[in-house]
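Below: the structure, in structure tokens.
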Amino acid sequence: MTSPNDSNKDTNNKHNDTDKQSSDKQNSLLAGIIERATKSGLGRKKLNPSAVESAVAKNMAKIHSNPTKLRLAFLGGGSFGTAMANLAARNGCDTTLWVRNKRTVKAMAKTQTNKKYLPGHKLDDRLKYSHDLAAAVKDKDIIFIAVPGLAFRETLKNIAPFISGQSIVSLTKGMEKDTFALMSDIIKEELPEVNFGVMSGPNLAIEIMKNMPSATVIASESEPLRHAVQAALHSAFFRVFASDDVKGVELGGALKNIYAIAMGMAAAYEVGENTKAMILTRALAEMSRFGVEAGANPLTFLGLSGVGDLYATCNSELSRNFRIGNMLGRGMNIDAAVKKLGQTAEGVNTIQQVHEKATREGIYMPITHALYAVIYEDKAALGVALHLMEAGFRSDVEFVMAHDHSNAALTAHMKSSASKTADKDSDKDK
Ligand SMILES: NC(=O)C1=CN([C@@H]2O[C@H](COP(=O)(O)OP(=O)(O)OC[C@H]3O[C@@H](n4cnc5c(N)ncnc54)[C@H](O)[C@@H]3O)[C@@H](O)[C@H]2O)C=CC1
Ligand SMILES: O=C(CO)COP(=O)(O)O
């Protein structure tokens with residue numbers, strides 16, 4: 001017979017085993033980062049691996065002992081939904097990843113990997129997988145949605161019957177086809193009562209899986225939701241900043257995909273660093289101009305979801321949008337490039353949406369229009385690029401000095417110098 005004390009001992013032993021497993025997991029999380037730092041020479045003098053390991057493990061343990069165990073669903077079994085669900089499960093949240101393909105769910109549960117999108121990366125063994133949408137979203141605190149923008153409304157319609165107080169967070173960085181709706185607009189239309197937020201930042205999924213330190217932004221008007229998302233996802237490798245500018249954060253994530261395509265194309269033409277810097281900075285000007293027209297705060301574009309994500313995707317072949325641009329620059333047409341990629345590249349649709357909206361509303365977006373002309377009107381890239389360079393006199397940061405004023409003043413100055421020169425010349429002729 002076992003005494004109550006024996007059963008306590010058993011429970012304690014189980015706890016100790018779980019604690020040990022959990023601490024082994026934390027230590028192995030650090031292996032990659034320490035190995036990289038040591039290899040690169042960073043660790044040779046300054047890095048004391050065991051001190052770093054124990055400091056980070058302490059930080060992780062703090063989160064693991066969080067008494068409020070959030071119940072979370074992540075919808076979308078692509079690279080980003082999987083990477084984020086994995087972070088939450090690792091933080092000790094009760095986490096279910098919903099994937100629409102039944103066979104994929106079975107394979108993921110068996111192998112604890114996402115073989116198609118994140119091959120070779122073992123997922124946390126506490127992560128649960130489901131093909132049953134109702135079961136995945138019922139009784140959850142937060143539902144994170146990471147399906148492509150084109151499938152976002154359909155996904156909301158499908159979960160609508162099971163919503164009873166859950167909050168929704170969009171991880172999607174796209175726009176709806178033909179409506180120009182952002183994901184937050186679609187949430188407001190389909191589920192007007194729901195508490196919602198959007199998360200966006202420089203978050204290449206594969207780097208997150210490798211525990212490379214990263215940061216993101218949760219934007220919501222709801223402070224409790226911002227805090228809950230921070231608690232759910234924050235870790236020693238992933239920092240979650242907050243914002244209440246939902247439009248600005250969301251537009252940063254959607255618009256930067258356009259410029260990642262432009263930079264991928266520029267890389268194929270082997271442009272110089274000055275050119276890359278010019279494209280990146282003028283892209284930021286376009287993004288914030290468009291954002292202001294949509295009601296966003298231009299300063300948001302200086303944060304992680306603006307310049308941060310622009311930098312990450314415009315400089316890396318890990319970005320699918322960058323890769324699309326690169327293939328276009330090497331002569332492939334858009335359909336062939338999308339087919340070859342075989343993954344989501346939101347920028348392909350976003351270029352069309354933003355081109356149309358900016359044309360309709362008279363918003364000055366020269367890089368977007370130029371890309372549209374190359375991709376969809378079959379214009380020669382070199383001619384379009386040269387035309388861009390002739391686009392007249394503009395101010396650098398229009399929120400510091402407005403374009404109209406500088407244009408008008410410069411044009412008047414140029415005209416008056418030209419006419420003075422012409423007058424002098426004609427005097428000489430007399
Ligand atoms: N991969 C990344 O590094 C990041 C991606 N994102 C954003 O996350 C969103 C999702 O992208 P990824 O996960 O990268 O895409 P992905 O191309 O890796 O996978 C897309 C997933 O969505 C699923 N899907 C497609 N249509 C669906 C539908 N109608 N219903 C349910 N599931 C459907 C596919 O089966 C697939 O599992 C995009 O908006 C992307 O911009 C955001 C940050 C980083
Ligand atoms: O948004 C991303 C990283 O922040 C991912 O970019 P891609 O969709 O271009 O791969």
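In this text, all values refer to a predicted model and were calculated from it rather than measured experimentally. Remember, it's 1-based here, ligands and their atoms both numbered in the order they're listed.
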Can a salt bridge be assigned to the pair [X] and [Y] using a cut-off of 4.0 Å between side-chain N and carboxylate O?
X      : Y      : answer
Asp396 : Arg282 : yes
Arg90  : Asp124 : no
Arg153 : Glu189 : yes
Lys128 : Asp94  : yes
Glu154 : Lys157 : no

Counting from 1, what ligand 2 atoms have a heavy atom of [X] closer than 4.0 Å?
X      : value
Thr313 : 2 (C), 3 (C), 6 (O)
Gly201 : 4 (O)
Asn321 : 7 (P), 8 (O), 9 (O)
Asn203 : 3 (C), 4 (O)
Pro202 : 4 (O)

Taking atom types as modelled and ignoring hydrogens, do the side chains of [X] and [Y] form a donor-acceptor contact shorter than 3.5 angstrom?
X      : Y      : answer
Asn203 : Thr216 : yes
Thr104 : Tyr129 : no
Glu377 : Tyr372 : no

**Report entry** Any N/O pair Lys173/ligand 2 closer than 3.5 Å
**Finding:**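 Yes, there is a polar N/O contact under 3.5 Å.
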Query raised in the report: Taking non-hydrogen atoms only, is Glu346 closer than 4.0 angstrom to ligand 2 via side chain, backbone, both or neither?
Result: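 Near ligand 2, Glu346 shows nothing, with every heavy atom at 4.0 Å or more.
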Requested in this report: Tell me the residues surrounding ligand 1, counting only those with a heavy atom closer than 4.0 angstrom, sorted by chain and number.
Outcome: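 Residues near ligand 1: Gly77, Gly78, Ser79, Phe80, Trp98, Arg100, Tyr117, Ala146, Val147, Pro148, Ala151, Glu154, Leu171, Thr172, Lys173, Asn203, Leu204, Ala205, Arg320, Gln343, Thr344, Glu346.
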Query raised in the report: Looking only at heavy atoms of Arg323, does any of them come nearer than 4.0 Å to an atom of ligand 2?
Result: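 It does not; every heavy atom stays at 4.0 Å or beyond.
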Query raised in the report: Which heavy atom of the protein is the closest neighbour of atom 10 (O) of ligand 2, given with residue, atom name and distance?
Result: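 I find the closest protein heavy atom is Arg320 NE, 2.5 Å.
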**Report entry** Gap between atom CG of Leu75 and atom OG1 of Thr155 - 0.5 Å precision
**Finding:**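 The CG atom of Leu75 is 7.0 Å from OG1 of Thr155, to the nearest 0.5 Å.
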Query raised in the report: Taking the six-membered ring for Trp, are Phe180 and Phe290 parallel (under 30°), tilted (30 to 60°) or perpendicular (over 60°)?
Result: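 Aromatic pair Phe180/Phe290 classed perpendicular.
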